[in-house]
Amino acid sequence: MTDQPAMPDLPTTPDLGHQRGTPAELSIPRSLVAGEPGWTTSADVIVVGSGIAGLTTALRLRQRVDRVLLVTKTVLNEGSTQWAQGGIAAALDPGDSPEEHLHDTLVAGCGVCDVPAVTALVHEGPERVRELVALGAEFDLDDEGELKLTREGGHHKDRIAHAGGDATGKEISRALIAALHRVQDDPGIEVIEHALVVDLLQDNESRVCGVTLHVIGEGQMDGVGAAMSRAVVLATGGLGQVYSATTNPSVATGDGMAAALRAGAVMADVEFVQFHPTVLWLGPGSSGQQPLISEAVRGEGAFLVDRDGVRFMQGRHPLADLAPRDVVSRAIVDRMQQTGEDHVFLDARHLGQAFLEERFPSIVARCRELGFDPATELLPVAPAQHYASGGVRTDLVGRSSLDGLYACGEVSCTGVHGANRLASNSLLEGLVFAHRIADDISERMAVGQLPQADQADRSAQVGATDDGDPHDGSALLDSSARVQVQAAMTAGAGAVRSAQSLASTAAALRDLALAATSTESGPASWETTNLLHIGQVLTLAATLREETRGGHVRSDHPDQVDPRWRGHTLIVRGADGSLSTTFEPVPEQDLA
């Protein structure tokens, strides 16, 4: 058992001293406008999300506690996990080691990873992957029947296990859902699909004691209800839909992050957003979820070229086309600016049709559906939002700063990823920390901790009823405003940022918030308002960090990795709705 993460005092870095406050008009309500719960249910633990993090947590918890409630926004297999093409990274080869995996992760994270968290990841990872195989996940094997391992950007060893060529996430999701179906007759585990978590419930001491849920149509319990528990685990995925173009599915609207933010949980490193360098470019104005061309394609020998056929990654980084994602994305942006083009090209033609169809069947099929053939022509690609390295700040067992609230997977910030996630570490993080969370919760419950608490009076919470006041920040954004939020975030807080662009984004989001008048609650307006709240926090964090590091690129501070900024940007909502910012330094790391 570990202590709750401490919230440091107000800004300690020289560069935050003059930015203690946030704009007076930037205020985040305690909760979204929603009706009073019309039904209630309870469990020992509520797990929100059905990706690798949520499913693993729920399955392991059920072995140790009496009643687990797993809720998911749509259906079990529509989370981000199934879209993971590349694979899962772990030191599984005899010629590899956890120490080498640790080093590659720290280098990719640009000096702001939390070493204890990465150490846990790389040392526990191989066993967790083998357990996944034992559970039924069918990874690709070599001629000797051993796991077939490949390499991706930032890795110096072949340590990426994959399934179905380029369908690793889909296979892992299938295996975990199959395991869940095997125990669904168990009265100790319940699954509610089509359920959107609106907000977290807290007692008078701010301890999290449940969630408000909206079950959409297909569920037995229609409308808003209250689910009470001794602990809540957020495994809700990322925030990709805050941008116009993303590789994330449509359900990735930052719901868990936004709910935790409103409840007063510490958020960390929200500015570190990874833009995947090779997303298929479908033309001007294309938006929503975009087709990803896995980094594993470059791992097998494909390379980037500009419109003139020049391999511009040569000499840019020792790993060339397999450099960390932030390096490759930045190089693509630079080359597009130099050529005046809005994309570059990925050349995989030399790999041959037979190899491409066997190794990357899903990618090849999708490209051909869209009119491109990687076996015979160059693929137009450009960076798009891919992964959020920041989120709800947690410790080594997944505890947030709020008692009773845990977070796992992309919604969390364990400190594993630092400023830029190393390729294929995300599935491993969800797997490793799901085990740690389940073990910590069950151990605490066994000794009488985490008792069921009573919910505080909701009438005292801004936005908790249907009479939201547009002047107190509690009114909802109409769902039609989503494209405006996305456009503002893409223009000013996207792959390349500056003080000027961020100020423009902050102003646009502020105007949207002040103009919000809707009290018509429902999933579409809740999601849009969640995107607004997360966008405001992300923009604030990106404005504060006056350097270029990892996924955070500031054109007005182009020098990479300013040592004064070696640490985490923390943001927390106060009782009055205002946001406080602090800085948590990280010890210097040997990245040589």
**OP:** Tell me yes or no: between the side chains of His417 and Gln274, is some donor less than 3.5 Å from an acceptor?
**Re:** no
Subject >> Check: Asp373 main-chain N/O paired with Arg368 side-chain donor or acceptor under 3.5 Å >> reply: no
Subject >> Thr236 side chain vs Gly49 backbone, donor-acceptor pair below 3.5 Å >> reply: no
Subject >> Donor-acceptor pair, side chain of Asn248 and main chain of His386, under 3.5 angstrom >> reply: yes
**OP:** Rounded to the nearest 0.5 Å, what's the gap from CD1 on Ile534 to CG on Leu509? Could you check?
**Re:** 12.0 Å
Original post:
How about Thr339 and Arg307: does a side-chain donor come under 3.5 Å of a side-chain acceptor?
Top reply: no
Original post:
Under a 4.5 Å cut-off applied to non-hydrogen side-chain atoms, are Lys148 and Leu141 in contact?
Top reply: no
Original post:
Taking the side chain from Thr548 and the backbone from Arg554, do they hold a donor-acceptor pair closer than 3.5 Å?
Top reply: yes
Original post:
Would you call His533 and Met257 a side-chain contact if the rule is heavy atoms closer than 4.5 Å?
Top reply: no
Original post:
Can you name the closest pair of heavy atoms from Glu410 and Ala388 and give their distance?
Top reply: OE2-N, 2.8 Å
Original post:
Would you say Arg298 and Pro277 make side-chain contact, with heavy atoms under 4.5 Å?
Top reply: yes
Original post:
Does atom CD of Gln500 have more than 12 heavy-atom neighbours from other groups under 6.0 Å away?
Top reply: no
Subject >> Residue pairs fulfilling salt bridge (Lys or Arg N to Asp or Glu O under 4.0 Å) with at least one residue in residues 237-256, sequence neighbours excluded >> reply: Lys73-Asp255
Subject >> Partner residues of Val279 under the side-chain contact (heavy atoms from CB on, under 4.5 Å) criterion, sequence neighbours left out >> reply: Thr247, His276, Gln290, Leu292, Ala384
Subject >> Sequence-distant partners of Phe372, ring pair (Phe, Tyr, Trp, His ring centres under 6.0 Å), two or more places apart >> reply: none
Original post:
Between the main-chain N or O of Ala163 and the side-chain N or O of Glu171, is there a donor-acceptor pair closer than 3.5 Å?
Top reply: no
Subject >> Pairwise side-chain contact, Arg359 with Leu351, heavy-atom cut-off 4.5 Å (strictly under) >> reply: no
Original post:
Got a donor-acceptor contact below 3.5 angstrom from the Asp269 side chain to the Thr569 backbone?
Top reply: yes
**OP:** For Ser480, check side-chain contact (heavy atoms from CB on, under 4.5 Å) against everything at least two apart and list the hits.
**Re:** Asp478
**OP:** Output yes when a side-chain donor or acceptor of Arg549 lies under 3.5 Å from a complementary backbone atom of Phe272, and no otherwise.
**Re:** no
Original post:
Is the side chain of Thr528 donor-acceptor paired with the backbone N or O of Ala481 at a distance under 3.5 Å, no angle test?
Top reply: no
**OP:** List in chain and number order the residues that pass ring pair (Phe, Tyr, Trp, His ring centres under 6.0 Å) with Phe345, two or more places apart in sequence or in another chain; answer none if no residue qualifies.
**Re:** His343
Original post:
Do you see a donor-acceptor pair shorter than 3.5 Å between the side chains of His155 and Asp104?
Top reply: no
Subject >> Pairwise salt bridge (Lys or Arg N to Asp or Glu O under 4.0 Å) hits with a residue in residues 108-118, at least two apart >> reply: Asp114-Arg393
**OP:** Tell me, please, which residues at least two apart from Glu100 pass salt bridge (charged side-chain N to carboxylate O under 4.0 Å, His left out).
**Re:** Lys157
Subject >> ring pair (Phe, Tyr, Trp, His ring centres under 6.0 Å): pairs with one or both residues in residues 102-139, sequence neighbours excluded >> reply: none
**OP:** Check Gly415 against Val118 and note the closest heavy-atom contact, atom names and distance.
**Re:** O-CG2, 4.3 Å
Subject >> Close side-chain approach of Arg159 and Asp93, heavy atoms under 4.5 Å >> reply: no
Subject >> Pairs flagged by salt bridge (Lys or Arg N to Asp or Glu O under 4.0 Å) wherever residues 479-489 is involved - sequence neighbours left out >> reply: Arg482-Glu527
Original post:
So, Gln486 and Ser244: side-chain donor and acceptor under 3.5 Å apart, yes or no?
Top reply: no
**OP:** For the pair Thr505 (side chain) and Met489 (backbone), establish whether a donor and an acceptor sit closer than 3.5 Å, ignoring hydrogens and angles.
**Re:** no
Original post:
What pair of heavy atoms forms the shortest contact from Gly111 to Leu591, and how long is it?
Top reply: N-CD1, 3.7 Å
**OP:** Write down the atom of Leu356, the atom of Ala348, and the distance for their closest heavy-atom approach.
**Re:** CD1-O, 3.7 Å
Subject >> Side chain Asp321, main chain Leu304, donor-acceptor under 3.5 Å >> reply: yes
**OP:** Quick one: list whatever passes side-chain contact (heavy atoms from CB on, under 4.5 Å) with His435, sequence neighbours left out.
**Re:** Thr56, Arg60, Arg128, Glu131
Original post:
If we only count heavy atoms from C-beta on, is the Leu370 to Leu280 side-chain gap below 4.5 Å?
Top reply: yes
Original post:
Going by heavy atoms in the side chains, are Ser412 and Glu429 under 4.5 Å from each other?
Top reply: yes
**OP:** Heavy atoms only: give me the nearest Ala89-Ala423 pair and the separation to one decimal.
**Re:** CB-O, 4.1 Å
Original post:
By side-chain contact (heavy atoms from CB on, under 4.5 Å), which residues pair with Asp158, not counting sequence neighbours?
Top reply: Leu149, Arg151
Subject >> Distance-only donor-acceptor check, side chains His101 and Asn425, under 3.5 Å >> reply: yes
Subject >> Ion pair Glu271/Arg497, N-O distance below 4.0 Å >> reply: no
Original post:
If you look only at pairs with a residue in residues 299-342, which of them pass as a ring pair (Phe, Tyr, Trp, His ring centres under 6.0 Å), with sequence neighbours excluded?
Top reply: Phe303-His350
Original post:
Where do Leu132 and Leu176 come nearest, in terms of heavy atoms and distance?
Top reply: CD1-CD2, 4.0 Å
**OP:** Give me the one residue out of Asp306, Asp308, Asp342 that meets salt bridge (charged side-chain N to carboxylate O under 4.0 Å, His left out) with Arg335.
**Re:** Asp306
**OP:** Indicate yes or no: at least one non-hydrogen side-chain atom of Ile293 is less than 4.5 angstrom from one of Cys367.
**Re:** yes
